[in-house]
Amino acid sequence: MLSQKISYTEIAEAKRMFETCRNVVIVSHISADGDAIGSSLGLYEYLKKKGKQVTVIMPNYFPDFLKWMTDADRIIQYDRHRAMAKTFITAADLIVVLDLNEPSRLEELAVPIMKSNAKKLMIDHHLHPQKFCDLTISYPDASSTSELVFRLIDAIGGVSSLTKAGAEDLYAGMCTDTGKFSYNANDPDIYFILAELLKKGIDKDRINRQIYNNFTEARFRLLGYILSEKLQVFPDMHATLFTLTRDELSRFSYIKGDTEGVVNLPLEIKGTKLSIYMREDTERPRIFVSIRSVDDFPANKMAAEFFNGGGHLNAAGGQLHNMPMSEAVEIAKKALEAYAKLLTA
Ligand code: 5GP
Ligand code: MN
């Protein structure tokens, strides 16, 4: 048995929403990751089996290594198919917002979503959720939104309606948000949920290969370039930093998603507490910042103070606007200085 996490009132309210809705739209965050797509398609499978009309809409592109999921090809990309997406949003009587805590994470998709009169349900595990939904199910200590979707389905007695494809989706979300169950993964319930998902007949070894052993040669060589040429190590600070400019990205035929997860690698260096990765956007004059940390180092606080961002304790990010990479590097060094006491401890 799973221990109680989602409150009884939230369960009852969500159950009522699922029972009374007919047309559902599920959305998740910009540059969707495994948990965004996994939780969305997992819930889609469940609601579809319940006879609902369900459409999944993402703000923009999502990586190829997630496209093996059943019906991933039916996901509507808002930046490419606005009119069609808006038709579904207009027809929706329930909108489920997954794996994000504020409308800005939907970027332009936020406009039709916020305009809609449909009931809105948020299920998420990011800190400080904004209250823009009729029901907000937010548990920042959960490993993933996919875990919360499973818990909700379980709590309303729906695990028997979860398809094998749905189990694959939720497994993928939990697996990617915990780095293959290597962080945020101490809750014994996670392994109970895994057992339930495996009972649906999923092949988790194959899923792991589809997600992780799926590099293009260019991406693999970019990884080598980062590690051998670009990684700066600050041994006294137990910190690392690497950057990629537009030019470097194009040299390695970069496509979005190619450096997904790479920021975690420097944490494999003995003693490293903090890894920062800065990448120039290929479209707008901005630099994306990714931060990963271990133990109680507050990556989200650093992201908020120095990089206009936020996130989780150990995985956070932000953006710097209108500046060359050299200036961004100076800001990163200032951030390290500001946190020197915690880092050198
Ligand atoms: P990633 O490094 O994978 O892009 O992001 C890690 C986490 O940092 C995300 O799950 C999200 O919680 C947070 N994050 C990334 N970028 C931003 C941002 O620009 N603003 C905020 N508030 N959080 C971000
Ligand atoms: Mn997540």
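Quick caveat, the model's predicted, so the values are computed rather than measured. First listed ligand is number 1; within each ligand, the first listed atom is number 1. Sequence positions, counted from 1, serve as the residue numbers for this chain.
- Atom 22 (N) of ligand 1 has Gly310 N, 3.4 Å as its closest protein atom, hydrogens excluded (heavy atom only).
- Relative orientation of the His312 and His125 rings is tilted, given thresholds of 30° and 60° on the angle between their planes.
- With hydrogens left out, the protein atom closest to atom 12 (O) of ligand 1 is His126 CD2, 3.1 Å, a heavy atom.
- Proximity annotation for atom 4 (O) of ligand 1: of Gly309, Ser104, Ser290, Gly317, Ser290 comes nearest, heavy atoms only.
- Looking only at protein heavy atoms, the nearest one to atom 7 (C) of ligand 1 is Ala315 O, 3.6 Å.
- Using a 30° and 60° split on the angle between ring planes, His126 and His29 fall in the perpendicular class, above 60°.
- The protein heavy-atom contact nearest to atom 19 (O) of ligand 1 is Gly318 CA, 3.6 Å.
- Under the 4.5 Å side-chain contact rule for hydrophobic residues, Ile291 and Met323 share a cluster.
- By the 4.0 Å N-to-carboxylate-O rule, Lys5 lies too far from Asp189 to be salt-bridged with it.
- Take the Mn ion (ligand 2) and draw a sphere of radius 2.8 Å; the protein N/O/S atoms inside it number 4.
- Of all protein heavy atoms, the one lying nearest to atom 9 (C) of ligand 1 is Arg105 NH2, 4.2 Å.
- Ser138 and Thr136 share no side-chain donor-acceptor pair at under 3.5 Å.
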**Asked** Where do Tyr339 and Phe297 land on the ring-ring contact (aromatic ring centres under 6.0 Å, His included) test, with the steps shown first?
**Response** CA-CA 9 Å; Tyr339 283 83; Phe297 186 93; 5.3 Å; yes
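- For the atom pair OG of Ser39 and CG of Leu148, the computed distance is 9.0 Å after rounding to the nearest 0.5 Å.
- For the 3.5 Å distance criterion, the side chains of Ser146 and Asp35 qualify, holding a donor opposite an acceptor.
- Other residues, nucleotides and ligands place more than 12 heavy atoms under 6.0 Å from the CD atom of Gln4.
- Of all the heavy atoms of Arg292, the ones lying under 4.0 Å from any atom of ligand 1 belong exclusively to the side chain.
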